[in-house]
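A, B, ... follow the sequence lines: proteins, then strands. Residue 1 opens every chain. In what follows, every heavy atom counts, from backbone to side chain, and hydrogens, waters and symmetry copies are set aside.
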Amino acid sequence: MSLSDQSATDRATLLAVWRDPRKRGFIVQALFVLALCLVLVGMFTTLHANMVARGIPTDFSFWNQTAGFDINQTPIAYSPLSTYGRAFLVGLINTLIVASIGLVCTTIIGVIVGISRLSKNRLVSFLAATYVETLRNIPLLLQLLFWYNAILKPLPGPRQSLLFPFGTVLNNRGLFLPLPSLLPGAAWVGAALALGLAASFLVGRGTALKPGWPKTLLCLVLALGPAIIAAMLAPPLAFDRPILKGFNYTGGFRVLPELVALLLGLSLYTAAFIAEIIRAGIMAVPRGQSEAAEALGLPSGLTMRRIILPQALRVVIPPLTSQYLNLIKNSSLAVFIGYPDLVQVFAGTVLNQTGAAVQIIFITMAVYLAVSLVTSFAMNLINRRMALVER
Amino acid sequence: MFKSIVSAGLFSLCVTTGALAGTLDEVKGRGFLNCGSNPGLAGFGLPDDKGQWVGFDIDFCRAVAAAIFDDPTKVKFLPLSGKDRFTALQSGEIDILSRNTTWTQSREVGQGFLFTGITYYDGQGFMTHRKLNLTSALELAGASICVQQGTTTELNLADFFRANNLQYEPVNFATGDEALKAYDTGRCDALTTDASGLYAQRAKLANPDDHVVLPEIISKEPLGPLVRQGDDQWFNLVKWVHFAWLNAEEDGVTSKNLDEKTKSESPEIKRLLGFEGNFGEGLGLTRDWIYRIIKHVGNYGEVFDRNLGEGSKLKIKRGINNLWTKGGLHYAPPVR
């Protein structure tokens, strides 16, 4: 075989590779990925060069520097002497607090409103429809500002606080609850309670008494009696009650009005969308199902709980997931009503004090992405379990 | 394909690095100046009832536009919250940030900005409800304090309470207006910001007399415009617009007597107004650049008086914001 023959076969092989659609596809895609990488590398080098040229920080060294500012809701220990990294954690936890409480509240409200909208009672369905149409058509930020100011306006100042039993105090600085803490007596009370429960269980099974009122009473006394006596002898809990001191109440457990306003705004707004999803889900269940239940004489409440809702849930979960994600992301509007969430603390103050805009926005986006992915992963798991029920 | 991508990447690299220098050319080519302003602070930067931006910081950008275009209206104002202002300047969205911003070391050394001068000497203070009967900021122990986010204010606040070993609760808002509203509804016992801002905010409240500004000034707040690092020509231009304002006031050149002053035989005024030497050229401007500024916007004293001083609602005293010749701190290098 001559040399020219060799190169001719090479060319032929190359051509053959190119003509094979699978191989060609692979080559083209590989080239595309390579090009994409080059563009990304180019973008990052440009970004880095520009940041260096302008004297903007390019690393993460700010993370361990002293923050120097204060935050008013700190679920973990924090002071102005803490680091920016610590401030990030405080913001993150505050966001998670709002998101988790918000998800529960919005689901409950959404399901109730969604079912109400299908009610045969005209007034109920009309009210539900009004709720949905009003709340989902007004921008969330306006609603948040409304709730915040609506909460603050009628509440009295600290000196004229509303006082409730058990040392609970309400004023425009927040809701103050007595904060329980365990005393040594708690162990005794716990032991007495366990003992009582065991005794009542044994008595309940063994005694010759007929089931009925005397027996229930006996069991109850046996179960709780020892615990109550123990609690009298050694108090299990101490309550740190809020006390008016200077400008405001101190001590106890405090719920910020900003948190309440944010939760109200987020839950009510998202619930309007969830209500529509629930309604659509229920309407997607064939009418025959409820007719069959009716024919069997099942009460309507039971039909809804045991037959309609479980089937509706399958349709509901995917769109519900996106509403959950919306709620989590929308919690970042907290900054406008003064609640110290991740965006306010980290992408706000920390960004401003350090100037590390690129890094901080990147981290913030990554956090929201991670939280959203975890949420949708969890919802997908539930969805898969629901889907398995299908035949 | 490969080659074109690489060259495209290289090209974009050149373009972006090229854009670092030549803000002036960019502004001239665009036909107007992009100026970052306050979304609403009476006296400093606020749209009036006709939608025109007015205020002390606004007039600074107008002066720059007057120097470049001989037309103070060739400015586009971008209202920015305290939290967003630096990113807008870093990213090149605006050419100048003129929005009561405190000159600090970290902003210049750590964040890539250059302050072009101090247009207003300020300090942080507190405003409280008169009914609380406070006479000093030291009585604020345990108080809750409304503050605008993304400012040196937050840091000074923490420092002040820490230094005096007092407890307090900060409530941070994205904008000054939200902070003011929360203070007004009683969420906070006090509102803190720069003293000039406190007077401006108090004027917005329903009953300004129900609120008192406490005497303590807890910080130095040298306020002024700033630009990005890396463009000396642009930095010089903006810096000298500020000096031109001050020099014009010192030489007694105002928008009213400007034409009379053009006939002046004083060498200093001749240089100032461009009849002797050519001091505009080095800045990339025409020789009558200061004449343009004074004609359209006025000198420093006129601008101060119109927006903040006796000629305005705020009636702020010149105090340390007077010229050095009158016992104040404003001192500009000479035009020569």
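- When heavy atoms are compared at a cutoff of 4.5 Å, Val147(B) does not approach chain A at all.
- Considering all non-hydrogen atoms of both residues, Glu258(A) and Arg187(B) come closest at OE2-NE, 2.7 Å.
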Task: side-chain contact (heavy atoms from CB on, under 4.5 Å) between Asn100(B) and Asp57(B), intermediate numbers included - done: CA-CA 7 Å; Asn100(B) 55 343; Asp57(B) 290 331; 3.9 Å; yes
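- Using a 4.5 Å cut-off between heavy atoms, Leu134(B) touches chain A through its side chain atoms alone.
- Interface remark: Glu178(B) contributes side-chain atoms only to the contact with chain A (heavy atom separation under 4.5 Å).
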Open item on the list: Between Thr250(A) and Phe176(A), does the side-chain contact (heavy atoms from CB on, under 4.5 Å) criterion hold? Intermediate values first, please.
Closed with: CA-CA 8 Å; Thr250(A) 54; Phe176(A) 297 79; over 6 Å; no
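- Looking at Thr87(B), the atoms closer than 4.5 Å to chain A (heavy atoms on both sides) all sit in the side chain, from C-beta outward.
- In terms of non-hydrogen atom pairs under 4.5 Å with chain B, the most contact-rich of Ile56(A), Asn149(A), Ile337(A), Asn171(A) is Ile56(A).
- Only the backbone of Ala141(B) comes within contact range of chain A, with heavy atoms under 4.5 Å apart.
- Judged by distance alone, the side chain of Arg254(A) and the main-chain N or O of Gln73(A) form no donor-acceptor pair under 3.5 Å.
- Only the backbone of Glu139(B) has a heavy atom closer than 4.5 Å to any heavy atom of chain A.
- Here CG of Leu369(A) is found 12.0 Å from OG1 of Thr364(A). Values are rounded to the nearest 0.5 Å.
- Between Lys204(B) and Asp184(B) there is no salt bridge, since none of the side-chain N atoms of the basic residue sits less than 4.0 Å from a carboxylate O of the acidic one.
- At a 4.5 Å heavy-atom cutoff, the contact between Pro57(A) and chain B is made by backbone and side-chain atoms alike.
- For a residue to count as touching a neighbouring chain, one of its non-hydrogen atoms must lie under 4.5 Å from one of that chain's; by this rule Ile361(A) does not touch chain B.
- For Cys146(B), no part sits under 4.5 Å from any heavy atom of chain A, backbone or side chain.
- Taking CG of Asp341(A) as the reference point, atom CD1 of Ile71(A) lies at 10.5 Å (rounded to 0.5 Å).
- In this structure, the portion of Tyr148(A) lying under 4.5 Å from any heavy atom of chain B is its side chain and not its backbone.
- Taking chain A as the reference chain and counting heavy-atom pairs below 4.5 Å, the highest number among Ala182(B), Pro170(B), Ala158(B) is found for Pro170(B).
- Interface remark: Ala334(A) contributes no atoms to any contact with chain B (heavy atom separation under 4.5 Å).
- Residues Leu78(B) and Cys35(B) form no side-chain contact, since every pair of their non-hydrogen atoms from C-beta on lies 4.5 Å or further apart.
- Across Pro158(A), Pro156(A), Pro257(A), Ser79(A), the residue that shares the most heavy-atom pairs under 4.5 angstrom with chain B is Pro257(A).
- With a 4.5 Å cut-off on non-hydrogen atoms, Ala347(A) touches chain B through its backbone but not through its side chain.
- Aromatic ring centres of Tyr168(B) and Phe160(B) lie farther apart than the 6.0 Å criterion allows.
- Distance alone, capped at 3.5 Å, places no donor-acceptor pair between the Arg85(B) side chain and the Ser98(B) backbone.
- A donor-acceptor pair is defined here as one N or O able to donate and one able to accept, closer than 3.5 Å; no such pair exists between the side chain of Gln90(B) and the backbone of Met51(A).
- The candidate from Val41(A), Val358(A), Thr354(A), Val350(A) with the greatest count of non-hydrogen atom pairs under 4.5 Å with chain B is Thr354(A).
- Within the 4.5 angstrom heavy-atom criterion, atoms from both the backbone and the side chain of Leu140(B) approach chain A.
- Only the backbone of Val345(A) comes within contact range of chain B, with at least one heavy atom under 4.5 Å from a heavy atom of that chain.
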